[in-house]
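The structure under discussion appears below in the form of structure tokens.
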Amino acid sequence: MEKDKNIVTGSEALMRSLEQEGVETIFGYPGGAIMPVFDALYDHRDRLNHILVRHEQGAAHAAQGFARVSGKVGVCLVTSGPGATNTITGIADAMIDSTPIVVIAGQVGAGFLGTDAFQEVDLVGITQPITKWSYQIRRAEDVAWAVSRAFYIARSGRPGPVVLDFTKNAQVDQTEYEPVTVDFIRSYDPDPEIDRKAIGEAVALINESKKPFVLVGQGVELGNAQEELKTFIEKADLPCGCTLLGLSALPSNHPLNKGMLGMHGNLGPNVKTNECDVLIAVGMRFDDRVTGKLDTYAKQAKVIHLDVDPSEIGKNVPVDVPVLGNCKKTLALLTELIQKNKHTEWIDSFRSYEETEYEQVIRKEVFPTEGPLNMGEVVHAVSEATHHEAVLVTDVGQNQMMACRYFKFSHERSIITSGGMGTMGFGLPAAVGATFGRPDRTVCVFMGDGGLQMTMQELGTVMEQHAPIKIILLNNNYLGNVRQWQAMFFNRRYSFTPMMNPDYMQIASAYGIPSRRVMERSDLQDAIQEMLNTDGPFLLEACVIEEGNVLPMTPPGYSVNQMLLEC
């Protein structure tokens with residue numbers, strides 16, 4: 001009697017369900033409780049490309065990098081117990097930065113749940129507060145439904161992480177496989193109906209405004225509303241500032257793009273936030289690093305907030321006109337109704353702040369004539385050499401702030417950084433994911449000596465995959481960001497921030513990765529070209545000034561317009 005090809009194990013059902021969702025790349029690490037799934041994956045290797053990372057945290061961050069640069073859902077596959085808990089940092093990071101990933105973890109058999117069996121952990125209980133949905137699959141017949149629902153939740157509305165906890169019995173038991181498509185969940189409204197009255201109120205404020213200012217967040221990228229944003233701001237001549245995660249939503253050289261918002265952002269956008277009469281926030285959450293002291297933030301302005309997540313509207317900053325909905329739709333509706341306008345005098349008023357910041361900060365940081373290499377000049381040189389067309393990945397710390405200040409963008413979905421969590425160690429594995437998400441683009445990752453050592457084992461993944469990552473290590477022999485705060489606020493008491501570093505050239509060599517160390521300014525351009533001309537990965541170690549500071553800076557507890565230009 002011929003075997004029914006639709007009667008399969010739960011593990012095989014998972015493979016077919018992933019293919020049904022269009023998955024082509026998985027980042028993972030095998031182990032006992034997920035072994036049946038990896039066995040099923042063996043027969044799908046021609047359709048599902050599994051990237052073996054060196055640590056499960058790396059799998060989660062790689063899935064994030066893949067998702068952020070591609071616009072698809074990132075997937076990682078791990079075992080139970082420590083394998084699952086090692087992904088927690090990446091899951092939390094994805095939640096706060098609205099990154100769509102699905103983490104599939106093995107679990108002990110349903111009959112052993114609650115017995116403290118080997119490598120059992122309550123993954124659902126742990127991850128419920130940091131996911132959009134966390135679910136335990138206990139029956140093989142539930143696999144197709146759970147996978148479809150997971151991907152629908154992860155990618156829809158405000159994106160985010162989903163966890164599927166896959167028990168061993170559900171992996172090995174058999175079921176009849178039928179594809180399932182979940183596109184509706186009662187009580188879950190990822191695409192809320194747009195209030196036309198709110199649109200009208202927002203239009204009236206924008207039309208009457210003399211000093212409008214737009215805050216551009218990552219929601220523009222997540223909603224694929226980059227063109228809608230440009231059309232909107234160009235029609236009414238609206239100057240913009242971008243959040244850290246929204247930097248590539250608008251080309252850096254767009255005349256209405258006035259730079260980066262926030263603690264280490266540009267002077268003009270921060271000062272003008274407290275001078276504008278109408279503040280239009282698009283797909284951003286008024287993070288404390290953007291607002292500074294809330295008591296004094298934009299008190300003079302009428303606030304319009306466009307967001308798909310109702311929980312963000314009014315959470316931190318009182319809103320005069322809430323515009324709930326996908327910004328791709330709401331921006332188009334606003335553009336249709338707003339008047340064509342010019343705000344020449346208002347826009348020109350940014351210029352004096354740009355000139356002040358250039359003379360007091362940028363010129364010294366990017367174009368020094370003597371002394372050690374600066375972080376900013378290295379970032380600027382790499383950006384120039386890639387014609388501002390590369391994908392920027394950063395780790396966290398001074399390297400992150402310098403990279404985001406001085407790297408420029410020509411294309412959308414070009415910045416991958418850990419914003420809300422500030423996860424050191426994020427950069428290298430996220431860059432691995434980015435190379436698989438957009439293999440057609442150059443991926444440059446900037447990191448410090450502290451962050452690199454947190455996930456340095458992923459150089460093994462880079463080696464095995466020959467992932468063409470251009471790694472720029474800004475080595476200052478300090479945990480630089482903490483050291484800067486110690487210098488500014490703790491009387492230069494450098495408590496455990498100096499770093500004793502290994503020889504990174506030898507480490508790169510051990511992984512078969514070409515490398516070069518630069519200490520002199522005269523060698524920088526040649527080293528960058530060698531890096532970019534090298535096929536595959538390359539590590540460029542730039543030995544930068546040890547006690548360099550990221551400026552300007554809004555100190556904690558200060559108003560957003562009280563930026564320090566020196567320290």
Side-chain angles (χ1 to χ4, degrees), residues 18-19 21-29 47-54 56-78 87 90-91 93-95 97-104 150-151 154-156 159-162 218-224 226 244-249 386 388-395 403 407 409-419 423 425-447 455 458-459 461-462 464-471 536-537:
L18 292 175
E19 291 175 3
E21 294 295 331
V23 174
E24 296 177 348
T25 305
I26 301 171
F27 304 93
Y29 203 95
R47 300 181 295 281
L48 294 172
N49 183 25
H50 178 270
I51 310 304
L52 178 65
V53 297
R54 297 309 189 259
E56 291 88 354
Q57 182 179 346
H61 292 327
Q64 287 179 271
F66 176 92
R68 293 265 283 275
V69 77
S70 69
K72 302 176 183 178
V73 178
V75 180
C76 60
L77 183 64
V78 299
T87 67
I91 293 169
D93 195 295
M95 186 65 176
D97 282 352
S98 305
T99 306
I101 64 171
V102 172
V103 176
I104 303 164
F151 276 78
R155 66 164 67 100
S156 60
V162 171
Q218 189 193 193
V220 174
E221 300 261 55
L222 298 175
N224 297 310
Q226 297 90 346
L244 188 73
L245 296 182
L247 282 173
S248 65
T386 58
H388 314 305
E389 294 184 346
V391 172
L392 169 67
V393 185
T394 83
D395 207 82
F407 207 85
F409 305 98
S410 301
H411 303 288
E412 60 196 44
R413 292 189 177 274
S414 291
I415 180 168
I416 303 169
T417 191
S418 174
T423 304
F426 173 88
L428 184 59
V432 171
T435 63
F436 287 95
R438 286 299 301 268
D440 57 317
R441 298 190 63 188
T442 300
V443 175
C444 296
V445 56
F446 287 84
M447 54 186 59
T455 52
E458 297 309 327
L459 290 173
T461 310
V462 175
E464 183 170 343
Q465 301 298 328
H466 199 61
I469 305 168
K470 308 308 178 184
I471 304 167

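- Within the 3.5 Å criterion, the main-chain N or O of A434 finds no donor-acceptor partner in the side chain of R68.
- Proximity of D395 to L428: side-chain heavy atoms (C-beta onward) are nowhere separated by under 4.5 Å.
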Would you check, one step at a time, whether the test side chain to side chain contact (heavy atoms under 4.5 Å, CB included) holds for Q465 with I51?
CA-CA 8 Å; Q465 301 298 328; I51 310 304; 3.8 Å; yes
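- Atom OG1 of T417 sits about 10.5 Å away from atom CD of Q64, to the nearest 0.5 Å.
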Kindly determine whether L247 and F407 satisfy side chain to side chain contact (heavy atoms under 4.5 Å, CB included), including the steps that lead there.
CA-CA 10 Å; L247 282 173; F407 207 85; over 6 Å; no
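- Checked by atom type and distance alone, the side chain of E56 never pairs as donor or acceptor with a backbone atom of Y29 at under 3.5 Å.
- Scanning both residues, A60 and G90, for their nearest heavy atoms gives CB-CA, 3.8 Å.
- Annotation: F436, atom CZ; neighbour count of heavy atoms from other residues, nucleotides and ligands within 6.0 Å is above 12.
- Taking all atoms of both residues into account, the shortest heavy-atom contact from A154 to V102 is CB-CG2, 4.1 Å.
- In this structure, L222 CG and L245 CG are separated by 8.5 Å, a value rounded to the nearest 0.5 Å.
- Contact annotation: the side chain of I101 never approaches that of F66 to less than 4.5 Å [non-hydrogen atoms, C-beta and beyond].
- Looking at E458, its side chain does come within 3.5 Å of a backbone N or O of R54 through a donor-acceptor pair.
- A donor-acceptor contact shorter than 3.5 Å is absent between the side chain of T435 and the backbone of P468.
- Q57 meets the side chain to side chain donor-acceptor pair (under 3.5 Å) test with H61; sequence neighbours excluded.
- When all heavy atoms are compared, the tightest approach of S70 to G437 is CB-O, 3.7 Å.
- The NZ atom of K72 sits 9.5 Å away from the CZ atom of R438 when rounded to the nearest 0.5 Å.
- For S414 (side chain) and E412 (main-chain N/O), a donor-acceptor pair under 3.5 Å exists by modelled atom type.
- You'll find the side chain of P429 stays beyond 4.5 Å of the side chain of V53, heavy atoms only.
- Residues E389 and T442 have side chains not in contact (no heavy-atom distance under 4.5 Å, counting atoms from C-beta outward).
- The shortest distance between side-chain heavy atoms of F426 and I416 falls below 4.5 Å.
- Judged by distance alone, the side chain of K470 and the main-chain N or O of G536 form a donor-acceptor pair under 3.5 Å.
- Contact detail for V23 and L48: the closest heavy-atom pair is O-CD2, 3.2 Å.
- Scanning for side chain to side chain donor-acceptor pair (under 3.5 Å) contacts around T25 gives an empty result, with sequence neighbours left out.
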How far apart are the C-alpha atoms of V393 and V69, what are their side-chain angles, what is the distance that settles it, and do they pass the side chain to side chain contact (heavy atoms under 4.5 Å, CB included) test?
CA-CA 10 Å; V393 185; V69 77; over 6 Å; no
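- Remark: the backbone N or O of V391 is not paired with any side-chain donor or acceptor of R413 at under 3.5 angstrom.
- Other residues, nucleotides and ligands place no more than 12 heavy atoms under 6.0 Å from the CD atom of E24.
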